[in-house]
Amino acid sequence: MNSSPTDVLISEVGPRDGLQSIKTVMSTSDKQKWIDALYKAGVSEIEVASFVPPKLLPQMADAAEVVRYAKTLTGLTVMALVPNLKGAIAAIEAGVHKLTIPVSASAAHSMANVRKTREEMVDEVRQIVQYRNDWAPLVKVEAGISTAFGCTLQGLVSEDEVIWLAEAVTTAGADESGLSDTTGYANPVQIKRLFKRLKEAIGNKAGAAHLHNTRGLGLANCLAAYEVGVTSFDSSLGGLGGCPYAPGASGNVVTEDLVFMFEAMGIKTGINLDLLFQAREPLQSGVPHETLYGMVPEAGVPKGFEAATK
Ligand code: ZN
């Protein structure tokens, strides 16, 4: 793993967000091989699992085992998604470094997704923080505001409500709060406006951009976020997961393309692109029927690219 300072943090969410939205169950040993390959490429933070009942998501039944394995990789920040206190307790017991709690800005999505109002989710965050303070004070807690840019159920999501919620979860004790374009509705102007407001509202607790490429604006939106000071980005190797609707377009932003964009601009990610491409092999062999996306892995890097960045 690369330990020299980087300009941006690329947080790989494939083993959680990617696997969670496909049918094939990847074996624990295949997950380990994939995580190993990402780590070797220089990825320094990976969301490796979600702690939800195995009945709901058989794909994540081995969450604790995967966390324990990932923790053997020195220097890697091991993250897991937890929807509630019960999940948080299990994740902390498994030894995660960081928890991420999805909190929906859309009232309709919140009810549909977790059967809780937004206020009840803020209360859940408060309870998780309390538990963390008592039992694992070093574990970081992030509350990601999902459907921050629009919602398939209710359409428009009020920007005032997104900011209100980010303030509420950080007041409840979350260390940071980022914004997720869960539905791929965002455009760069909206991204800049909302991330600026987020920073004004919660200062250095403003967290990661979790953006989707559903309508082809994933990279443009990441760049827009970077231009207003966001330095932490979620993406998925091969664009796995994140509910792709259109053929040829991934759901999650493709890690390989995102790393290429930043590196080509001289913005350091700490990730070796060749090794990152190689990490597609264990992913593809673990889920042989899934399509992997990515423009740069398809086309290759431009001639002279390496020389230009050294
Ligand atoms: Zn996603």
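As the structure is a computational prediction, the values presented were derived from the model and not from experiment. Order of appearance sets the numbers: ligands from 1, and atoms from 1 within every ligand.
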Report summary line: Minimal heavy-atom distance between K140 and R132, with the atoms involved, is CA-NH1, 4.1 Å
Report task. Taking all heavy atoms of V8 and all of T6, pick out the closest pair and write down the distance. Result -> O-OG1, 3.3 Å
Query raised in the report: For the Zn ion (ligand 1), does an N/O/S atom of S180 lie at less than 2.8 Å?
Result: no
Report summary line: Restricting D17 to its N/O/S atoms, the closest one to the Zn ion (ligand 1) is OD2
Report summary line: Rounded to 10°, the NE2/H212 to the Zn ion (ligand 1) to NE2/H210 angle comes out at 100°
Query raised in the report: L194 and I163: side-chain contact (heavy atoms from CB on, under 4.5 Å), yes or no, with the steps?
Result: CA-CA 8 Å; L194 207 49; I163 299 303; 4.1 Å; yes
Query raised in the report: Should D181 and H210 be marked as a side-chain hydrogen bond (donor to acceptor under 3.5 Å, both in side chains) after you check the CA-CA gap, both sets of side-chain angles, and the distance that decides it?
Result: CA-CA 6 Å; D181 182 20; H210 180 111; over 6 Å; no
